[in-house]
Structure formats: C-alpha cells, structure tokens
Protein chains: 2
Amino acid sequence: MNNKEKLRKAGLRPTKQRMIIADILLDGIDRHFTAENLQNEINSSGNSMSIATIYNCLKKFRNCGLIKQVESSKDTAIFDTNINQHHHFLDEETGELIDIENDEVNLRKLPKIPQGYLNNGVEVLIKIKKQI
Amino acid sequence: MNNKEKLRKAGLRPTKQRMIIADILLDGIDRHFTAENLQNEINSSGNSMSIATIYNCLKKFRNCGLIKQVESSKDTAIFDTNINQHHHFLDEETGELIDIENDEVNLRKLPKIPQGYLNNGVEVLIKIKKQI
DNA sequence: AAGTAGTTTAGAACGATTTTAAAGTAAAAA
DNA sequence: TTTTTACTTTAAAATCGTTCTAAACTACTT
C-alpha cells in the first residue's frame, strides 16, 4: 500500500504536506524523533513546512495510529514510527531511547485493571546509566 | 529521622523554604503532584514561595532521590513521593496516574542491558481507558 | 465549474520552566 | 561572635516547546 492509500485509509486527506511527512516517516524503518528533527529532515529533503503544520500533522498521525508518542518526561515530545507494542531503554542522562521488541519482555503477573477501565497497552521502560 | 536531618543527609542545606516543602512532601504518604499543585499546598499552609524556588527545590529533591519524577508525556512535570521502585496505571484521557506496587508486577524475562550500561530501574506503565 | 469543508501558514499567544542578577541566609572561618 | 564565603531565594524577564488565530489555500463533492 502506498502512502496516499495509507493516509486515505487512516481517514486523512492526502495533502502535499502530509505526503512529504509520510514519505519520510512511513518507510518501515523504526525511529524516534521530535518535531524539530522532522523539520530538519523536511528541510534537507528540499521541502519546507510551517512548524504549526508539522505539529498538526504529527498529532493527526498519532491519533490515527500511524505513529506513536513515547511516554517520556523530556521537555520535548518524542515520536516513534514503531507502532507495534514494544518497550524502551532510556538513558536519562542523554535522553537516548533504544527499542526493546515486545517478545524480549515477558510479564508473568500483571495487576488487576481498575474497575471501569480497560487495558490500553503496556509499556516497559528500563532506565539505564552509562557504566563508569 | 526528622526532615532537617533528611535534608542534611541528602546533602541539602535545610533552608526555611526547603523545610516547608519537606514538611508537605516527606510525610510518608504517596502522592503525585505538579509544581503548581505544590504551590497551592504551600499557599494554603499559610506560607508563600516563588515559583522559581519551587522548581529549584523539586529539582534538588529529585536529584537527591527524595522524590521521583514520573515518566509521562504530559506537558507538565509530575512528581511522585513514592521513591520505591513501582509502576503506574495511566489514563491518557485525563492524565490520572494510579500507583502499582512493585510486587504486583512480575517480569519473567528482561532483555540484556546494552553493552556499557547498567540497569537503573524498571518502570511498567499500563495505559488504561475508561470503559464505555 | 462552483461550493464547501478541511488544511496550511506566519505570526501571535500561551504555559511551563529556566535564567538573571540582586538581595538574603546558612554554615565555615577567624 | 563577627566576618567571610558559598549557597539560596526572589521577582521579573527570558526561553522554549507547543497551540491558537484568522486569512489564504486546496482537496474533494456537487
């Protein structure tokens, strides 16, 4: 399926700007990035785009499940093109994130989901620290 | 150990402002809060404090391990007085966090920590969604 | 081709957090 | 105790990521 079809299927009008972003992000390669990282990539691909459009687009892509946003207490939002359930190593010093595939983690026991709620995804974060 | 001693032990000079905050936070009760929440508590305890001091103090407390900061992609930093390794339910709609004690989660299998790094804590986040 | 609903944009606005630099205070030294 | 020193607090300004505004634009429908 090409990117235009992916956008249509997600209920998004395939505008010029969304196609530029889709061409960068939806290439099947897993990566973590910020809005600013993406703007740099857009610029170096010979295009340009308002930062507001980039934020709009990332929000839409996230809400449609085309990308994910990582839970992280960094001051800048981090997005992830790996939309499968998976986990992360986090170096808190540098903010570097490394993917952990879902099958590398095995939860023997999970707590009961609170009354009135549904499980909406489990994320394991392993904080790591450079050895000295 | 009283709060003055706790601050000293953590390497922090026990100033008037830090004592006010320690008296609110270090009472052994687990809670999640933002800088603004804390300022409100300070105000309603009859004290007042510059927001810059509150941020300074929270950062120092966090760096000394007196409190933790929760990994969350909310726009406002969330702190936690529960400094034991533990986990959270997160309602992404409302941002509400609910503690999960460490013994309620059991990891059968963990991935190998990357070369040159040490494990510095595991956090499990279970995203939950209100049932409709 | 015309209409309309959704999209993009620059720039302003916003909110959380940090910085600045001056005044204040705790601890150490004399 | 007084002096000195290093650290802390403060209000206000600055910064930074993100969102809003409202006007211009564009994809899709009729």
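Quick note on labels: first sequence line is chain A, next is B, and so on, each numbered from 1.
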Are any protein N/O atoms closer than 3.5 Å to N/O atoms in nucleotides 9-11 of chain C? If there are, list each pair with its distance.
{"unit_1": "C:dT9", "atom_1": "OP1", "unit_2": "A:Gln17", "atom_2": "NE2", "d": "3.3"}
{"unit_1": "C:dT9", "atom_1": "OP2", "unit_2": "A:Ser50", "atom_2": "N", "d": "3.4"}
{"unit_1": "C:dT9", "atom_1": "OP2", "unit_2": "A:Thr53", "atom_2": "OG1", "d": "2.5"}

Check the interface with nucleotides 23-30 of chain C: list each N/O to N/O pair with the protein under 3.5 Å, or write none.
{"unit_1": "C:dA27", "atom_1": "OP1", "unit_2": "B:Arg8", "atom_2": "NH2", "d": "2.8"}

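Residues passing the side chain to side chain donor-acceptor pair (under 3.5 Å) test with A:Asn56, sequence neighbours excluded: none. B:Glu123 pairs by the salt bridge (Lys or Arg N to Asp or Glu O under 4.0 Å) definition with A:Lys127, not counting sequence neighbours.
Chaining together hydrophobic side chains whose heavy atoms lie under 4.5 Å apart places B:Ile98 alongside A:Phe89, A:Ile98, A:Ile100, A:Val105, A:Leu107, A:Leu110, A:Ile113, A:Tyr117, A:Val122, A:Val124, A:Ile126, A:Ile128, B:Phe89, B:Ile100, B:Val105, B:Leu107, B:Leu110, B:Ile113, B:Tyr117, B:Val122, B:Val124, B:Ile126, B:Ile128. Through direct or indirect side-chain contacts shorter than 4.5 Å among Ile, Leu, Val, Met, Phe, Trp and Tyr, B:Ile78 is connected to B:Val70, B:Leu90, B:Leu97, B:Leu125.
Remark: C1' of D:dC7 and CE of B:Met19 are 18 Å apart, rounded to the nearest angstrom. We find that CG of B:Asp75 is positioned 21 Å from P of C:dA13, with the value rounded to whole Å. The distance from atom NZ of B:Lys59 to atom C1' of D:dT9 is 15 Å, rounded to the nearest whole Å. Protein atom CG of A:Leu58 is 13 Å distant from nucleotide atom C1' of D:dG17, rounded to whole Å. Following rounding to the nearest Å, B:Ile78 (CD1) and C:dA16 (P) show an atom-to-atom distance of 12 Å. Residue A:Asn37 contributes atom CG, which lies 15 Å from atom C1' of D:dT18 at whole-angstrom precision. What separates CG of A:Asn47 from P of C:dT8 is a distance of 13 Å, to the nearest Å. For A:Leu7 and C:dG6, the CG to C1' distance is 14 Å, given to the nearest whole Å.
For the residue pair A:Asn102/A:Asn84, the side-chain donor-acceptor check at 3.5 Å is not satisfied.
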Listed pairs under 3.5 Å, donor-acceptor, residues 9-18 of chain B side chains, sequence neighbours left out:
{"unit_1": "B:Thr15", "atom_1": "OG1", "unit_2": "B:Arg18", "atom_2": "N", "d": "3.2"}
{"unit_1": "B:Arg18", "atom_1": "NH1", "unit_2": "B:Arg13", "atom_2": "O", "d": "2.9"}

Review item, side-chain donor-acceptor pairs of residues 27-37 of chain B, under 3.5 Å, at least two apart:
{"unit_1": "B:Asp27", "atom_1": "OD1", "unit_2": "B:Ile29", "atom_2": "N", "d": "3.1"}
{"unit_1": "B:Asp27", "atom_1": "OD2", "unit_2": "B:Arg31", "atom_2": "NH2", "d": "3.3"}
{"unit_1": "B:Asp30", "atom_1": "OD2", "unit_2": "B:Asn82", "atom_2": "ND2", "d": "3.4"}
{"unit_1": "B:Arg31", "atom_1": "NH1", "unit_2": "B:Glu41", "atom_2": "OE1", "d": "3.3"}
{"unit_1": "B:Arg31", "atom_1": "NH1", "unit_2": "B:Glu41", "atom_2": "OE2", "d": "3.0"}
{"unit_1": "B:Arg31", "atom_1": "NH2", "unit_2": "B:Ile24", "atom_2": "O", "d": "2.4"}
{"unit_1": "B:His32", "atom_1": "NE2", "unit_2": "B:Asp80", "atom_2": "OD2", "d": "3.2"}
{"unit_1": "B:His32", "atom_1": "NE2", "unit_2": "B:His88", "atom_2": "NE2", "d": "3.3"}
{"unit_1": "B:His32", "atom_1": "NE2", "unit_2": "B:Asp99", "atom_2": "OD1", "d": "2.8"}
{"unit_1": "B:Thr34", "atom_1": "OG1", "unit_2": "B:Glu36", "atom_2": "N", "d": "3.4"}
{"unit_1": "B:Thr34", "atom_1": "OG1", "unit_2": "B:Asn37", "atom_2": "N", "d": "3.0"}
{"unit_1": "B:Thr34", "atom_1": "OG1", "unit_2": "B:Asn37", "atom_2": "OD1", "d": "3.2"}
{"unit_1": "B:Thr34", "atom_1": "OG1", "unit_2": "B:Asn37", "atom_2": "ND2", "d": "3.4"}
{"unit_1": "B:Asn37", "atom_1": "OD1", "unit_2": "B:Thr34", "atom_2": "N", "d": "2.8"}

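Both B:Tyr55 and A:Leu12 lie near DNA chain C, and the one whose nearest nucleotide falls closer to the 5' end is A:Leu12.
Residues A:Lys4 and A:Met19 are in side-chain contact: their nearest non-hydrogen atoms beyond the backbone lie under 4.5 Å apart.
As judged by a 4.0 angstrom heavy-atom cut-off over every strand, B:Lys60 is placed among residues touching the sugar-phosphate backbone only.
Within the structure, salt bridge (charged side-chain N to carboxylate O under 4.0 Å, His left out) contacts touching residues 46-69 of chain A (residues at least two apart or in different chains) do not occur.
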